[in-house]
*Asks:* 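The structure follows.
Start at 1 with the first residue, then count along the sequence.
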Amino acid sequence: MASDGPTYQWERLFSSIFFFVVAAVVAEAQLSTEFYDSTCPQAASIVQAKVDAFVEADRGLAAALMRLHFHDCFVRGCDGSVLLNSTDPNSLTEKSALLNNNSLRGFEQIDEIKMELECACPGVVSCADILALVARDATVKVGGLRWPVFLGRIDGAGSFADEVNGSLPERRDNFTKLVETFAKVGLDAKDMIILSGGHSIGQVHCGAFFERLYNFQGLNITDPSMDPEFADMLKAQCPQTKPFGFMALDATNGTFDSTYYLDLLTNKGLLESDVALLNDPLGVEYAIKAVQDPNTFLFEFGMAMIKMGNIPASDPYGWRKHCAFTEPKL
């Protein structure tokens, strides 16, 4: 029955705190779920249809499209700056930064969505809002619960590669460093632990965990905290000669669920930053909770995404006709 499904559970849980979320979001950023109701009422349906088609054709795109929203909001706020191309070889944009270059993808899909929205509603929907909608719809397409997306973000004009380092969490960060990085954008330790669950989907280069697998702390050994059978499987899939091979970030690659936390609790995490969650009692407590009550994790992930999507732009510019570059203001 529909009443037993995750969508219904989401609606029941969400309805009880809807007022408080709306009050907080509107008070801080004047965002609204109804922002385009009069100017482009079909915006959300256009985005969802495009995302559904993209992910049906390439399920791996779900993680990539979600990740774009993360990488956008953590640098200069949620302003679409991660989408801007470099036009000057001496001034690279965020997408060309070391942490992003040859790592992020989905730019062509965002451009395609933007083009369709411009045909339907010229000069209305911001690139930053597209990223927020796409992240939600991509997550839902692979198993996540649908959360309301508050809209009305203003695109930025600036994008600088040197601002990426130190703004984004990195794969070798410990728990304290992760908390500090999230705190810079107004997110707390619990938000960090929940949003780390975004690693429920996606893949990572084998080289990203080679230190743990082959040279833990420079001792030419495998991290002793890693499950031995899991380590053997990783070595078979990711020999030292193939650092650019890929490995799924959790055991149910392609499905958004709480298995990521189960993997951590059974010593089958990949990245140092993932394993670091269990180095603090709060991380252990939440991982156990997520495994015991997967629907609550899915709900709380949506709430954390709402909070992250509310990070204000540090230098808002205005609406951009093309997400990849900025037009001079008239």
*Asks:* Given side chains that start at C-beta, do those of Phe160 and Val75 come closer than 4.5 Å, heavy atoms only?
*Replies:*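 They are not in side-chain contact.
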
*Asks:* Are Glu118 and Lys114 close enough for a salt bridge, meaning some N to O gap below 4.0 Å?
*Replies:*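 Salt bridge between Glu118 and Lys114, a charged N being under 4.0 Å from a carboxylate O: yes.
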
*Asks:* Is any NZ, NE, NH1 or NH2 atom of the basic residue among Arg105 and Asp58 found under 4.0 Å from an Asp or Glu carboxylate oxygen of the other?
*Replies:*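 Yes.
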
*Asks:* Could you list the cluster mates of Leu271? Members are the ILVMFWY residues connected by side-chain heavy atoms closer than 4.5 Å, either directly or through other members.
*Replies:*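 Traced through the cluster, Leu271 reaches Val204, Phe209, Phe210, Leu213, Tyr214, Met226, Phe230, Met233, Leu234, Met247, Leu249, Leu270.
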
*Asks:* Evaluate the side-chain hydrogen bond (donor to acceptor under 3.5 Å, both in side chains) criterion for residues Thr259 and Asp257: first the C-alpha distance (whole Å), next the side-chain angles of each, then the deciding distance (0.1 Å), finally the verdict.
*Replies:* CA-CA 6 Å; Thr259 300; Asp257 54 24; 3.2 Å; yes

*Asks:* Under a plain distance cut-off of 3.5 Å, with no hydrogens placed, do Thr296 and Asp293 share a side-chain donor-acceptor pair?
*Replies:*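 Yes - a donor-acceptor pair under 3.5 Å links their side chains.
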
*Asks:* Thinking salt bridges, do Asp188 and Lys307 make one under a 4.0 Å N-O criterion?
*Replies:*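 Yes, charged N to carboxylate O under 4.0 Å.
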
*Asks:* Can you tell me if Asp250 and His199 form a side-chain donor-acceptor pair at under 3.5 Å?
*Replies:*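 Short answer, no.
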
*Asks:* Are any of the side-chain nitrogens in Asp315 or Arg76 under 4.0 Å away from the carboxylate oxygens of its partner?
*Replies:*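 Judged by the 4.0 Å cut-off on N to carboxylate O distance, Asp315 and Arg76 do form a salt bridge.
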
*Asks:* Could Asp227 and Lys268 be called an ion pair, given the rule that one side-chain N must be under 4.0 Å from one carboxylate O?
*Replies:*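 Judged by the 4.0 Å cut-off on N to carboxylate O distance, Asp227 and Lys268 do not form a salt bridge.
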
*Asks:* Is the shortest side-chain N to carboxylate O distance from Lys50 to Asp137 below 4.0 Å?
*Replies:*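 So Lys50 does not pair with Asp137 through a salt bridge.
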
*Asks:* Is any side-chain heavy atom of Cys121 closer than 4.5 Å to a side-chain heavy atom of Gln42?
*Replies:*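 Of all side-chain heavy-atom pairs linking Gln42 with Cys121, at least one is under 4.5 Å.
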
*Asks:* When Tyr260 is tested against each of Leu277, Thr252, Ile201 for side-chain contact (heavy atoms from CB on, under 4.5 Å), which residue passes?
*Replies:*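 Of the listed options, the one satisfying the test is Leu277.
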
*Asks:* What I want to find out is whether Glu211 reaches Arg171 closely enough, with some N-O distance under 4.0 Å, to be called a salt bridge.
*Replies:*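 Judged by the 4.0 Å cut-off on N to carboxylate O distance, Glu211 and Arg171 do form a salt bridge.
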
*Asks:* Between Glu300 and Lys289, does any side-chain N to carboxylate O distance fall below 4.0 Å?
*Replies:*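 Answer for the salt bridge query: yes.
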
*Asks:* With no hydrogens and no angle check, is any side-chain donor or acceptor of Arg67 less than 3.5 Å from a backbone partner on Ala62?
*Replies:*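 Side chain of Arg67 to backbone of Ala62, a donor-acceptor pair under 3.5 Å: no, none is there.
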
*Asks:* Would you say Lys95's side chain and Leu83's backbone share a donor-acceptor pair under 3.5 angstrom?
*Replies:*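 The answer is yes, because a donor-acceptor pair under 3.5 Å joins these two groups.
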
*Asks:* With no hydrogens and no angle check, is any side-chain donor or acceptor of Ser258 less than 3.5 Å from a backbone partner on Tyr261?
*Replies:*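 Checking the backbone N and O of Tyr261 against the side chain of Ser258, no donor-acceptor pair under 3.5 Å is found.
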
*Asks:* Between Phe150 and Phe35, does the ring centre distance come in under 6.0 Å?
*Replies:*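 Ring centres of Phe35 and Phe150 not closer than 6.0 Å.
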
*Asks:* Is there a side-chain contact between Val142 and Phe256 (heavy atoms, below 4.5 Å)?
*Replies:*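 Side chain of Val142 against side chain of Phe256, heavy atoms only: contact under 4.5 Å found.
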
*Asks:* Is it the case that more than 12 heavy atoms not belonging to Ile154 sit under 6.0 Å from its CD1 atom?
*Replies:*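 No, the 6.0 Å shell around CD1 holds no more than 12 heavy atoms from other groups.
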
*Asks:* Any donor and acceptor pair, going by atom type alone, linking the side chain of Asp155 with main-chain N or O of Arg320 inside 3.5 Å?
*Replies:*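 Answer holds: yes.
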
